[in-house]
> 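Quick one: this structure, given as C-alpha coordinates, is what I'll be asking you about.
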Amino acid sequence: TPSSGEVQLTEEAVRRYLTRKPMTTKDLLKKFQTKRTGLSSDATVNVLAQILKRLNPERKVIGDKMHFSLKE
Amino acid sequence: SSSEADEMAAALEAELNDFM
(Lines give C-alpha, C1' and ligand atoms only; values in the text may rest on other atoms or scores of the structure.)
Protein backbone atom coordinates (compact mmCIF):
# COMPACT_ATOMS: atom_id res chain seq x y z
CA THR A 1 0.00 0.00 0.00
CA PRO A 2 1.25 3.50 -0.75
CA SER A 3 2.28 5.43 2.32
CA SER A 4 0.19 8.52 1.65
CA GLY A 5 0.89 11.66 3.59
CA GLU A 6 4.59 10.90 3.84
CA VAL A 7 5.23 13.95 1.69
CA GLN A 8 2.78 16.83 1.30
CA LEU A 9 2.42 18.89 -1.82
CA THR A 10 1.93 22.37 -0.37
CA GLU A 11 2.83 25.89 -1.38
CA GLU A 12 5.21 26.08 1.58
CA ALA A 13 7.05 22.91 0.53
CA VAL A 14 7.40 24.13 -3.07
CA ARG A 15 8.59 27.53 -1.84
CA ARG A 16 11.23 25.89 0.33
CA TYR A 17 12.62 23.80 -2.53
CA LEU A 18 12.72 26.72 -4.99
CA THR A 19 14.38 29.00 -2.45
CA ARG A 20 17.12 26.42 -1.93
CA LYS A 21 17.97 25.94 -5.62
CA PRO A 22 16.57 26.39 -9.12
CA MET A 23 14.47 23.43 -10.25
CA THR A 24 12.83 22.22 -13.44
CA THR A 25 9.27 20.94 -13.54
CA LYS A 26 10.74 17.44 -13.55
CA ASP A 27 12.87 18.14 -10.47
CA LEU A 28 9.76 19.32 -8.63
CA LEU A 29 7.70 16.34 -9.73
CA LYS A 30 10.45 14.08 -8.42
CA LYS A 31 10.11 15.71 -4.99
CA PHE A 32 6.36 15.10 -4.97
CA GLN A 33 6.08 11.61 -6.40
CA THR A 34 2.55 10.24 -6.34
CA LYS A 35 3.61 7.21 -4.34
CA ARG A 36 4.89 9.52 -1.62
CA THR A 37 2.04 12.04 -1.55
CA GLY A 38 -0.84 9.65 -2.22
CA LEU A 39 -2.17 12.07 -4.90
CA SER A 40 -3.07 11.02 -8.43
CA SER A 41 -0.93 12.15 -11.36
CA ASP A 42 -3.65 14.57 -12.49
CA ALA A 43 -4.03 16.08 -9.03
CA THR A 44 -0.27 16.46 -8.69
CA VAL A 45 -0.03 18.32 -12.01
CA ASN A 46 -3.03 20.55 -11.24
CA VAL A 47 -2.00 21.42 -7.69
CA LEU A 48 1.62 22.06 -8.67
CA ALA A 49 0.52 24.28 -11.57
CA GLN A 50 -1.71 26.34 -9.25
CA ILE A 51 1.07 26.70 -6.69
CA LEU A 52 3.62 27.78 -9.32
CA LYS A 53 1.22 30.35 -10.77
CA ARG A 54 0.69 31.76 -7.30
CA LEU A 55 4.37 31.79 -6.32
CA ASN A 56 5.30 33.28 -9.69
CA PRO A 57 8.97 32.20 -9.41
CA GLU A 58 11.78 33.62 -11.52
CA ARG A 59 12.51 31.68 -14.69
CA LYS A 60 16.11 30.88 -15.47
CA VAL A 61 17.50 28.89 -18.36
CA ILE A 62 20.31 26.71 -17.06
CA GLY A 63 21.93 24.21 -19.40
CA ASP A 64 19.14 24.66 -21.96
CA LYS A 65 16.41 23.88 -19.44
CA MET A 66 13.89 26.19 -17.84
CA HIS A 67 14.32 26.33 -14.09
CA PHE A 68 12.17 28.02 -11.46
CA SER A 69 13.81 29.92 -8.67
CA LEU A 70 12.68 31.99 -5.68
CA LYS A 71 14.55 34.49 -3.57
CA GLU A 72 14.27 34.32 0.20
CA SER B 1 10.05 5.97 -24.50
CA SER B 2 8.39 8.42 -22.15
CA SER B 3 8.06 7.54 -18.51
CA GLU B 4 5.20 8.65 -16.30
CA ALA B 5 7.46 11.41 -14.97
CA ASP B 6 8.01 12.71 -18.51
CA GLU B 7 4.28 12.70 -19.18
CA MET B 8 3.56 14.55 -15.97
CA ALA B 9 6.27 17.12 -16.70
CA ALA B 10 4.80 17.65 -20.18
CA ALA B 11 1.31 18.05 -18.71
CA LEU B 12 2.57 20.50 -16.10
CA GLU B 13 4.43 22.53 -18.70
CA ALA B 14 1.33 22.62 -20.90
CA GLU B 15 -0.67 23.81 -17.90
CA LEU B 16 1.90 26.56 -17.32
CA ASN B 17 2.25 27.36 -21.00
CA ASP B 18 1.19 30.99 -20.97
CA PHE B 19 3.00 31.45 -17.69
CA MET B 20 6.34 30.01 -18.83
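Within every chain, numbering begins at 1; the chains are lettered A, B, ... in the order of the sequence lines, protein sequences first and strands thereafter.
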> A:V45 and B:L12: which non-hydrogen atoms are nearest, and at how many Å?
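What the structure gives for the nearest pair is O-CD1, 3.6 Å.
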> In Å, rounded to the nearest 0.5 Å, how long is the span from OG1 of A:T24 to CD of B:E13?
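Answer for the OG1-CD pair, A:T24 versus B:E13, is 7.5 Å.
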> Of the backbone (N, CA, C, O) and the side chain (C-beta and beyond), which part of A:L48 lies under 4.5 Å from a heavy atom of chain B, both, or neither?
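It is both, since atoms from each part get that close.
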> To the nearest 0.5 Å, tell me how far B:L16 CG sits from A:T25 OG1.
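Between B:L16 CG and A:T25 OG1, I get 8.0 Å after rounding to 0.5 Å.
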> So what's closer than 4.5 Å to chain B heavy atoms on A:N46: side chain, backbone, both or neither?
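Interface part for A:N46: side chain.
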> Can you tell which of A:L28, A:L29, A:D42, A:T44 has the highest number of heavy-atom pairs within less than 4.5 Å of chain B?
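Of the candidates given, the most pairs with chain B belong to A:L29.
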> Can A:V47 be reached from A:L55 by stepping across I, L, V, M, F, W or Y side chains whose heavy atoms are under 4.5 Å apart?
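Linked within one cluster.
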> Shortest non-hydrogen contact from A:K53 to B:E15?
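Closest pair (atom of A:K53, atom of B:E15, distance): NZ-O, 3.5 Å.
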> Could you tell me whether the side chain of A:T34 reaches within less than 4.5 Å of the side chain of B:M8, counting heavy atoms only?
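They are in contact (side-chain heavy atoms under 4.5 Å apart), so the answer is yes.
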